[in-house]
2 protein chains.
Amino acid sequence: MANDTERVYRELRRSIVEGVEPPGARLTEQRLATRFECSRTPVREAVRRLESEGLIVVEPNRGAHVRPLTEDEIADLYEVRARLEAYAAELASVRAEPAERLALRAAADAFDGAAGAVIGRPDDIALVRRLDEANGAFHGAVLSMSRNRRVQTLVAAAVDAPLVFQALQRFDADELRRSCLFHHLITDAIAEGEAGRAGRLMTEHVLQGRDALLAHLSAVGGLGELFEVGA
Amino acid sequence: MANDTERVYRELRRSIVEGVEPPGARLTEQRLATRFECSRTPVREAVRRLESEGLIVVEPNRGAHVRPLTEDEIADLYEVRARLEAYAAELASVRAEPAERLALRAAADAFDGAAGAVIGRPDDIALVRRLDEANGAFHGAVLSMSRNRRVQTLVAAAVDAPLVFQALQRFDADELRRSCLFHHLITDAIAEGEAGRAGRLMTEHVLQGRDALLAHLSAVGGLGELFEVGA
DNA sequence: GATCGCTCGATTGTGTGCAATCCGATGGGC
DNA sequence: GCCCATCGGATTGCACACAATCGAGCGATC
């Protein structure tokens, strides 16, 4: 099935999340239409959808840009996410069924494998993508075990942002190993039905991600050095 | 400025939130275009935006419906909201400036006034709307004091849902007075910088809203009695 | 009588043209 | 030399037409 809107939405979204279109990049409907070989109509819809997700800002009659994020906004994003995912982990501890607990363990193991593969080869985009997917699968499993659809959609909206993917790409071996450890600790807590502990661990885990990203940013001299925001 | 998309979006949204378009109601682009006296293009954009907010479901090539909510989903909604607003209240306790604390007190007082006006006259839609706005102003003030934009947008997406407005409409005097009390208790906690207490009070306040809505629903025999979901 | 296939109406999906709007550049006035 | 009005290109906002798609209902067949 050739649904242009959906196709443009997914590909453009990926370009933004992975940083191919850097924050601040200008996105005109006409150029995107040419690039995706369709008319402006489906492009327009995809752009509006990304706007309502907060990945893009559209200035009326002026054009759309990939939304530039300040360090404060990155911190906000991770902190809200920490709250929501901690809540999901608490619910999961209470509501999960045996089969789901096993699947969660499997997801944690799969992340271990993807992390092992990426260590020492951070330039292999395919491996990073696999790591990103494994990470998404683990967190997605917790969310799904929470049985709260609303929290799932809200986290989905808060999880994909520019820079997050690149952050994963820049994680060093220590950070990756710590993530693996946290995933297993969280899995244990959920398996044992210890909601409070699961929530606290998840909070710490997400905030660790925030700190890692912010540390990398300041190490390279801030956002401005990475991207020409005004370009 | 006559921006049709924006106009259609706002008016249609209000119709849905206030229950003029009941859950399950069918919304075809052509009919909406006629109703709003414009072409299908802006209608389409407004519908898609409402879809991404979760107020509408669009079945491909089939048509759009106001999203029917189950009681479970209503509970989910309020519980997520409780977490997010509690977080905002904690942040506000730490970050708010004196002028904002005064403004919050004023918002709580304004809600008292609107609640007093609506008691005994629950059929006056204008009064209920004012109450809804006063409530939104209070909660919005807390969110704004949190200095976390992300939590503001997420709560905004979680706060407007079908039935919530009607719930307010059905609140009896006791429930309204309890809301007033909670608003002032929360204001006090924030003013005194007691983050933990502010968060706990906010949680309780939002969950009280959930219980009131669910109680009213079961009192009238469940969702099915209120609306023909399949219609 | 039940089931399958077909046609048809309704609705969305997409392409395209034109009008409205905005920013920047340019030129004249002071 | 500086400032303001004006003009032009670029871009979105909207309308409309046509194509694609889906399900419902009808009729033929077994």
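Proteins come first, then strands; the chains are lettered A, B, ... in the order of their sequence lines, and each starts at number 1. Note that the coordinates shown come from a computational prediction; the quantities given were computed from them, not determined experimentally.
- Partners of Ala86(A) according to the side chain to side chain contact (heavy atoms under 4.5 Å, CB included) rule, which considers only residues two or more places apart in sequence or in another chain, are Thr203(A).
- Looking at residues 28-46 of chain A, you'll see Thr28(A), Glu29(A), Arg40(A), Arg44(A) sit with a heavy atom under 4.0 Å from some atom of DNA chain D.
- From one end of the helix from dG1(C)-dC30(D) to dC30(C)-dG1(D) to the other, with five pairs defining each end axis, the axis direction shifts by 10° (rounded to 10°).
- Two residues are said to be in side-chain contact when any heavy atoms from C-beta on lie closer than 4.5 Å; Arg67(B) and Glu73(B) meet this criterion.
- Rounded to whole angstrom, the span from the NE2 atom of His65(A) across to the P atom of dA10(D) amounts to 16 Å.
- For the OP1/OP2 pair of dA20(D) and a distance below 4.0 Å, the side-chain nitrogens and oxygens of Arg62(B) include no atom meeting the criterion.
- Remark: Phe165(B) engages no residue in a ring pair (Phe, Tyr, Trp, His ring centres under 6.0 Å) (not counting sequence neighbours).
- Pairs engaging residues 143-167 of chain B under the salt bridge (Lys or Arg N to Asp or Glu O under 4.0 Å) rule: Arg13(B)-Asp160(B), Glu97(B)-Arg147(B), Glu100(B)-Arg147(B) [sequence neighbours left out].
- For Ala212(A), the side chain to side chain contact (heavy atoms under 4.5 Å, CB included) partners at least two apart in sequence or on another chain are Phe171(A), Glu175(A).
- Listed by chain and residue number, His183(A) satisfy the ring pair (Phe, Tyr, Trp, His ring centres under 6.0 Å) test with Phe111(A) (two or more places apart in sequence, or in another chain).
- Straight-line distance from the CG atom of Asn61(B) to the P atom of dA10(C): 16 Å, rounded to whole Å.
- The side chain of Asn3(A) places an N or O atom within less than 4.0 Å of a non-bridging phosphate oxygen (OP1 or OP2) of dT14(C).
- Residues forming a salt bridge (Lys or Arg N to Asp or Glu O under 4.0 Å) with Glu21(B) (at least two apart in sequence, or on another chain): Arg35(B).
- For Arg26(A) and dT11(D), the shortest distance from a side-chain N or O to OP1 or OP2 is below 4.0 Å.
- Taking atom CD1 of residue Ile56(B) and atom P of nucleotide dT12(C), one finds them 11 Å apart after rounding to whole Å.
- What separates CG of Asp4(A) from P of dA19(D) is a distance of 16 Å, to the nearest Å.
- Among residues at least two apart or in separate chains, there is no ring-ring contact (aromatic ring centres under 6.0 Å, His included) pair with a member in residues 31-55 of chain A.
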